[in-house]
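Naming: A, B, ... by sequence-line order, numbering from 1 per chain.
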Amino acid sequence: MKEVRVRFAPSPTGPLHIGGVRTALYNYLFARLHHGKFLLRIEDTDQSRFVPGAEEYIIEALNWCGIHYDEGVGKGGPYAPYRQSERKEIYKQYAEQLITEGKAYYAFDTPEDLDKMRERIKDKGNAMAQYDAFTRGQMVNSLTLSALETQQRLNSGEPYVIRILIPENEEIVVNDLIRGKVMVDSSRLDDKVLFKSDGMPTYHLANIVDDHLMKISHVIRGEEWLPSAPLHILLYNYFGWEPPVFAHLPLLLKPDGNGKLSKRDGDRLGFPVFPLRWTDPSTGEVSSGYREAGYLPEAFINMLALLGWNPGTEQEIFSMQELIQAFSMEKVGKSGSKFDPEKAKWFNHFYLSQ
RNA sequence: GGUCCGUUCGUCUAACGGUUAGGACGCCAGGUUUUCAUCCUGGUAAUAGGGGUUCGAUUCCCCUACGGACUACCA
């Protein structure tokens with residue numbers, strides 16, 4: 001059997017929230033259960049959203065939780081570097097390879113051009129405004145420009161992006177460990193930007209390239225990524241690489257009302273949504289953390305593990321070792337879980353009295 | 001709007017065609033505790049709705065409703 005290699009790949013755009021911690025935890029449990037490797041990769045391809053201290057926070061939080069990684073930022077490993085900003089040179093050649101093979105193209109449209117196109121489509125009563133087979137022919141790109149003009153624009157240093165060329169009417173199948181077969185018609189996808197005008201790759205390109213280069217066997221991530229999984233599969237196909245096995249985890253929801261759990265809910269309902277206290281470097285705003293609120297990491301992890309997964313027995317108290325042994329992706333639920341601060345308190349109370 | 005995912009007590013969930021639908025949190029009641037908390041005991045409460053399939057549906061299929069995610073040169 002192929003070696004299990006999984007990764008947790010957060011963006012350093014702020015403190016890691018409990019949903020992220022749970023994703024890291026499930027990756028860790030899965031890796032340990034299969035005697036594989038768990039790595040930490042920092043996806044900092046958006047320089048405009050970089051937040052100082054966020055990366056350090058993520059590492060400290062994982063440490064406090066007892067979620068130890070084998071390779072990654074701050075630790076090194078055979079596939080270093082593990083910070084995407086330091087791997088910048090790697091990505092462009094892959095994007096260009098796709099262009100050479102006719103699977104991607106240069107686009108010179110300005111943000112204003114894109115806005116205009118979207119408005120135009122909206123006015124026509126069509127709600128979906130995508131850069132796709134229906135619109136790409138009207139835009140400024142290497143598909144509509146002559147080879148000579150494209151080359152001239154490139155040579156003159158005009159800003160450009162590289163977009164994937166999505167095929168028409170191709171059924172893409174995502175085989176998900178949690179959701180089963182998910183089928184999507186490629187015509188629904190849009191020509192996503194793979195390489196940005198600032199010289200950095202987008203998430204989609206960097207993620208696929210790195211997962212392949214780092215020999216990731218299973219991609220275990222939040223459900224918010226399910227809609228882009230077909231694009232990722234297509235990218236693996238384009239490169240001729242074997243895709244990893246996917247597992248999209250259900251989301252953590254607000255305790256009351258509806259929607260994804262957010263930082264605001266913690267402030268509003270009076271419970272931490274972060275493992276450790278965080279002070280926003282730009283506003284000075286402080287967000288509470290479980291560690292500072294007196295929670296034991298064992299209680300915090302135990303509580304998180306049971307949010308979206310269950311052992312199939314009536315056991316509720318688990319040490320990290322027990323979690324590793326009991327964990328199974330088949331037992332991960334399909335629906336989102338509302339976070340319950342009361343249950344979190346109960347777990348901590350239990351561990352505190354031990 | 002479109003695409004995709006989902007739906008068992010208030011909440012987290014078990015039951016992978018046959019159970020009095022189980023457990024935990026919360027809540028309520030009683031007991032213990034000098035008091036509060038703890039702790040113990042008991043109780044409360046659910047298969048979204050409608051069609052099928054089947055001898056039999058929580059479980060399989062379809063429709064509806066509801067919820068969620070995504071729909072950026074963000075991840």
Side-chain angles (χ1 to χ4, degrees), chain A residues 9-14 20 41-50 54 84 95 107-111 113-115 118 121-122 125-132 159-163 172 174 176 178-207 221-231 248-261 302-317 330-347 349-350 352-353:
Chain A
S11 268
T13 55
R41 185 173 69 219
I42 297 293
E43 308 217 324
D44 55 347
T45 52
D46 184 357
Q47 77 281 65
S48 69
R49 293 210 309 161
F50 176 79
Q84 291 184 327
F108 302 95
D109 314 279
T110 63
D113 290 340
L114 295 172
D115 284 345
R118 287 177 185 127
I121 302 231
K122 222 172 206 173
N126 198 334
M128 51 176 192
Q130 294 195 141
Y131 203 116
D132 59 16
Y160 68 89
V161 298
I162 296 176
R163 285 180 183 272
I172 303 173
V174 180
D176 192 278
I178 295 169
R179 277 147 231 287
K181 265 190 183 12
V182 178
M183 283 174 281
V184 178
D185 185 334
S186 66
S187 306
R188 300 293 175 191
L189 271 34
D190 62 332
D191 292 354
K192 279 270 178 308
V193 170
L194 299 178
F195 197 81
K196 302 184 271 189
S197 59
D198 65 358
M200 285 292 248
T202 57
Y203 168 86
H204 305 293
L205 210 222
N207 189 265
R221 77 226 300 195
E223 194 185 1
E224 68 269 27
W225 293 108
L226 191 55
S228 47
L231 169 70
H248 289 92
L249 270 20
L251 266 18
L252 252 35
L253 275 18
K254 299 176 192 298
D256 65 334
N258 308 309
K260 219 167 32 159
L261 181 67
N302 197 156
M303 176 273 296
L304 234 37
L306 257 16
L307 222 49
W309 168 85
N310 74 85
T313 67
E314 285 178 1
Q315 182 179 354
E316 286 203 288
I317 300 300
E330 284 77 63
K331 284 291 190 182
V332 173
K334 294 181 193 335
S335 51
S337 317
K338 287 188 180 176
F339 179 69
D340 182 2
E342 287 304 321
K343 189 89 179 205
K345 275 187 209 164
W346 177 81
F347 273 109
H349 174 85
F350 178 86
L352 244 21
S353 66

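To the nearest whole angstrom, the two C1' atoms, one in G26(B) and one in U58(B), are 24 Å apart. Taking atom C1' in both U33(B) and U38(B), one finds a spacing of 9 Å when rounded to whole Å. Using atom C1' as the reference point in both A14(B) and U8(B), the two lie 10 Å apart (nearest Å). The separation of G68(B) from G31(B), taken at their C1' atoms, amounts to 45 Å, rounded to a whole angstrom.
Arg41(A) places a side-chain heavy atom less than 4.5 Å from the side chain of Asn207(A). The closest side-chain heavy-atom distance from Arg179(A) to Pro250(A) is below 4.5 Å. The side-chain heavy atoms of Lys260(A) and Lys254(A), taken from C-beta on, include no pair separated by under 4.5 Å. Side-chain atoms of Val184(A) and Leu189(A), non-hydrogen and from C-beta on, do get closer than 4.5 Å to each other.
Taking the ring-ring contact (aromatic ring centres under 6.0 Å, His included) definition, one finds that Tyr203(A) meets it with Trp225(A), His232(A), sequence neighbours left out. Residues forming a salt bridge (charged side-chain N to carboxylate O under 4.0 Å, His left out) with Arg188(A) (at least two apart in sequence, or on another chain): none. Contacts of Pro227(A) classified as side-chain contact (heavy atoms from CB on, under 4.5 Å), with partners at least two apart in sequence or in another chain: none. The side-chain contact (heavy atoms from CB on, under 4.5 Å) test applied to Asp109(A) returns Ala107(A), Asp113(A), Leu114(A), Tyr131(A), Met139(A), Val140(A), not counting sequence neighbours. Not counting sequence neighbours, Trp346(A) has no partner by the ring-ring contact (aromatic ring centres under 6.0 Å, His included) test. Asp132(A) pairs by the side-chain contact (heavy atoms from CB on, under 4.5 Å) definition with Gln130(A), Phe134(A), Thr135(A), not counting sequence neighbours. Considering only residues two or more places apart in sequence or on other chains, Ser11(A) meets the side-chain contact (heavy atoms from CB on, under 4.5 Å) condition with Thr13(A), Glu43(A).
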Polar-atom pairs under 3.5 Å, protein N or O versus N or O of nucleotides 69-75 of chain B: list them with distances, or write none.
unit_1 : atom_1 : unit_2    : atom_2 : d
A69(B) : OP1    : Lys260(A) : N      : 3.3
C70(B) : OP1    : Lys260(A) : NZ     : 3.4
C73(B) : OP2    : Arg163(A) : NH2    : 3.4
C73(B) : O2     : Ser197(A) : N      : 2.8
C73(B) : O2     : Ser197(A) : OG     : 2.8
C73(B) : N3     : Ser197(A) : OG     : 3.0
C73(B) : N4     : Asp109(A) : O      : 3.1
C74(B) : OP2    : Lys196(A) : NZ     : 3.2
C74(B) : O2'    : Asp46(A)  : OD2    : 3.1
C74(B) : O2'    : Arg49(A)  : NE     : 3.2
C74(B) : O2'    : Arg49(A)  : NH2    : 3.2
C74(B) : O2     : Arg49(A)  : NH1    : 3.4
C74(B) : O2     : Arg49(A)  : NH2    : 3.2
A75(B) : OP1    : Thr45(A)  : OG1    : 3.0
A75(B) : OP1    : Lys196(A) : NZ     : 2.6
A75(B) : OP2    : Tyr203(A) : N      : 3.3
A75(B) : O3'    : Ser11(A)  : OG     : 3.0
A75(B) : O3'    : Glu43(A)  : OE1    : 3.3
A75(B) : O2'    : Ser11(A)  : OG     : 2.8

Show the distances under 3.5 angstrom between N or O atoms of the protein and N or O atoms of nucleotides 35-38 of chain B.
unit_1 : atom_1 : unit_2    : atom_2 : d
U38(B) : O3'    : His349(A) : NE2    : 2.9

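The base-pairing partner of G6(B), taking Watson-Crick or G-U wobble contacts with both distances under 3.5 Å, is C66(B). Checking A57(B) for Watson-Crick or G-U wobble geometry (two distances, each under 3.5 Å) identifies no partner in any strand. Searching all strands for a Watson-Crick or G-U wobble partner of C28(B) with both distances below 3.5 Å returns G42(B). With a cut-off of 3.5 Å on both Watson-Crick or G-U wobble distances, the partner of U35(B) is given as none.
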Base versus backbone protein contacts along nucleotides 24-31 of chain B [heavy-atom cut-off under 4.0 Å; B, S, -]:
BS------

Quick tally for nucleotides 42-48 of chain B: nucleotides whose base has a protein heavy atom under 4.0 Å get B, sugar-phosphate-only ones S, the rest -, giving -------

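A salt bridge is absent between Lys343(A) and Asp340(A): the closest approach of a Lys/Arg side-chain nitrogen to an acidic carboxylate oxygen does not fall below 4.0 angstrom.
Taking atom CD of residue Gln315(A) and atom C1' of nucleotide U13(B), one finds them 15 Å apart after rounding to whole Å. With rounding to whole Å, Asn310(A) atom CG is found 12 Å from C16(B) atom C1'. In this structure, CD1 of Ile172(A) is placed 12 Å from P of C4(B), rounded to the nearest angstrom.
Along RNA chain B, the nucleotide closest to Thr313(A) and the one closest to Ser335(A) are compared, and the more 5′ of them pairs with Ser335(A). Of the two residues contacting RNA chain B, namely Arg179(A) and Gly333(A), the nearest-nucleotide position lying further toward the 5' end is that of Arg179(A).
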Could you give the side-chain donor-acceptor pairs of residues 193-201 of chain A under 3.5 Å, partners two or more places apart or in another chain?
unit_1    : atom_1 : unit_2    : atom_2 : d
Lys196(A) : NZ     : Thr45(A)  : O      : 3.0
Asp198(A) : OD1    : Met200(A) : N      : 2.9
Asp198(A) : OD2    : Gln47(A)  : NE2    : 2.6

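In this structure, Lys331(A) reaches the A15(B) phosphate: one of its side-chain N or O atoms is under 4.0 Å from OP1 or OP2.
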